[in-house]
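Everything below concerns the one structure shown next.
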Amino acid sequence: MQSTRQGTGRWTALTGIISVVMLLIATYMAFVYAPTDAAQGNAQRIFYVHVPMAWLAYLAYVVLFIGSVGYLWKRNQTFDRLARSAAELGFLFTTLVLITGAIWGRPIWGTWWQWEARLTTTLILWFIYLGYFMVRSYAGEPERAARFAAVLAIIGAIDIPIIHMSVRWWRTLHPEPIVINTGGPNLPDSMLLTLLVSFIGFTIFYAHLMLQKMQVEMARDRLAEREADFLMRPVGRSKNETTYPTTGREVTGASED
Amino acid sequence: MGRALAIAWKDILIEFRSRQFLGAMLAFTLVTVVTLNFAFDLDRGDRTSDAAGALWIAFFFAGMLGLGRAIALERDRGTLEGLLLTPVDGGTIFMGKFLATLLSLLFVEAVTLPVFAVLYGLPAWHPWVIALAIVGTVGFAGLGTLFSAIASSGRTREVLLPLLLFPLLVPVLLGAVQATAIVFQGERDGILAWFNLLVAFDVIFVTLAYLGFSFVIEE
Amino acid sequence: MDDNLGYLFAAFAVTWLMIAGYLYYLNGQVKTLREDIEDFEEQAAEGR
């Protein structure tokens with residue numbers, strides 16, 4: 001037990017240091033090393049944060065999905081902690097994709113927002129994350145909140161591709177907005193390298209945040225468990241005496257790692 | 001299946017016996033349709049796609065009212081616990097609730113469509129529109145039944161339900177409005193494609209909701 | 001084209017400020033949790 005906790009701590013520190021170094025390099029590369037795009041000018045450099053944010057927004061949802069399926073299947077608290085942590089970070093990154101995208105869109109498209117398939121789907125994703133937190137906070141007891149939220153997350157995971165497809169179909173039936181080609185596979189090597197460093201740096205940073213958040217959630221669950229055990233201990237002599245001598249396990253029934 | 005029908009029948013009986021709620025839902029739908037006219041000037045010939053949107057917004061809002069009620073009633077009266085004690089599995093309860101919601105919504109829509117046709121001079125009583133109304137409502141009622149169960153335990157179920165449901169129902173709303181607009185424009189191209197798509201959404205959403213419902217109501 | 005520099009700085013600034021805000025919030029969670037644990041430990045010591 002003690003050794004695993006030390007192991008987690010080491011990983012947290014390691015991912016923290018690596019990601020900070022890589023992100024500093026990535027920022028330098030984005031501002032100085034990468035050449036200015038001929039068509040978009042400096043605004044193109046926004047992509048070095050925007051694209052990793054988009055990747056993390058969806059990666060976090062994949063983790064949320066895995067945690068949710070795992071929880072409904074195994075009823076293991078660890079899976080629920082994974083889902084909770086991923087949802088919070090996913091929401092942060094989704095907010096950031098939308099904002100950085102709008103800031104890029106303003107000078108390039110001449111408008112903050114386009115009702116285009118990827119943008120619309122990401123906006124819906126944002127609302128699904130929001131709904132996820134609402135369910136968690138209003139569902140009452142923690143076990144029920146975890147169950148309800150997991151069902152929502154799984155339905156959302158299956159719905160997101162459907163939303164993307166339906167919006168794309170809807171938009172292609174309408175006159176397509178003129179969008180400047182944003183690069184594609186034939187980016188100059190220096191741009192690609194910058195994007196890659198930023199990509200990997202942010203991904204490790206995400207791993208770092210996940211480790212931290214998971215540890216916080218684990219400590220919180222442990223505390224709740226101990227409090228429940230304490231309140232429901234066999235002979236109640238405290239002021240909040242309860243009449244349930246041995247049902248303490250029920251509250252914390254989910255298995256621990 | 002028989003048990004699901006029994007649950008649906010029980011809910012529908014309650015609705016029709018009290019009659020107030022179904023009537024209120026219908027009145028609400030009609031008022032929405034009329035109000036949206038003032039917002040969009042739907043009577044003008046070139047507003048067919050707005051009219052299709054207005055129609056479906058009215059249906060979705062009415063559906064939201066109906067859903068909020070379906071399980072809230074059971075929770076308030078404490079009859080859901082009774083239902084859970086009976087040897088009926090979650091899927092069957094879902095089918096019963098789903099059918100009851102679907103039928104009461106279709107009833108409201110069946111009255112709204114001819115009124116809409118008369119008010120706006122649009123072919124809202126066209127077989128295609130009826131078919132689309134049915135297909136769109138099945139998807140709505142499917143996901144809606146699941147999420148009304150999820151939202152019903154919360155203190156803020158009235159807000160929570162649309163917040164959860166509307167984003168996930170975007171494909172259904174999109175398909176239904178697009179296809180209905182095509183009919184209103186007096187055309188045929190593309191309706192079948194949207195219709196098939198809506199049928200596919202229905203299959204996916206109802207299956208998901210059916211499977212998810214058991215996880216939601218286990219206590 | 002050079003005017004876009006403002007948009008570029010805005011995008012990076014928003015990103016890092018929001019991430020910093022999140023880290024601050026996470027830190028706050030750790031702090032309150034630590035206090036809660038201490039409180040509980042005291043209570044438990046008294047109760048027993």
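The analysis underlying the following values was restricted to heavy atoms, covering all of them including side chains, and did not include hydrogens, waters or symmetry mates. Chain letters run A, B, ... following the sequence lines, proteins first, then strands; residues in each count from 1.
Residue A:Phe127 comes nearest to B:Pro167 through the heavy atom pair CB-CG, 3.8 Å, listed as atom of the first residue, atom of the second, then distance.
Using a 4.5 Å heavy-atom cutoff, the side chains of B:Pro171 and A:Asp159 are in contact. With contacts defined as side-chain heavy-atom distances shorter than 4.5 Å, the pair A:Val151/B:Phe213 does not qualify. Counting only heavy atoms from C-beta outward, the side chains of B:Phe201 and A:Ser166 approach each other to under 4.5 Å.
Contacts between B:Leu164 and chain A at a heavy-atom distance below 4.5 Å involve the side chain alone, from C-beta outward. For B:Leu211, no part sits under 4.5 Å from any heavy atom of chain A, backbone or side chain. Only the side chain of B:Leu174 comes within contact range of chain A, judged by heavy atoms closer than 4.5 Å. Looking at A:Leu123, there are no atoms closer than 4.5 Å to chain B (heavy atoms on both sides), in backbone or side chain. Both the backbone and the side chain of B:Ala193 come within less than 4.5 Å of a heavy atom of chain A. Neither the backbone nor the side chain of B:Phe166 has a heavy atom closer than 4.5 Å to any heavy atom of chain A.
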Inset, instruction - Go through the steps for B:Val216 and A:Arg144 under the test side-chain contact (heavy atoms from CB on, under 4.5 Å), then give the verdict. - result: CA-CA 8 Å; B:Val216 170; A:Arg144 185 198 273 168; over 6 Å; no
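The candidate with the highest count of non-hydrogen atom pairs below 4.5 Å against chain A, out of B:Leu208, B:Val170, B:Leu168, is B:Leu168.
Atom CZ of A:Phe133 and atom CG of B:Leu163 lie 12.0 Å apart (nearest 0.5 Å). Distance check, rounded to the nearest 0.5 Å: CD1 of B:Ile150 to CZ of A:Arg147 gives 10.0 Å. The distance from atom CH2 of B:Trp194 to atom CH2 of A:Trp170, rounded to the nearest 0.5 Å, is 9.0 Å. Here the CD1-CZ distance, from A:Ile155 to B:Phe205, works out to 8.5 Å after rounding to the nearest 0.5 Å.
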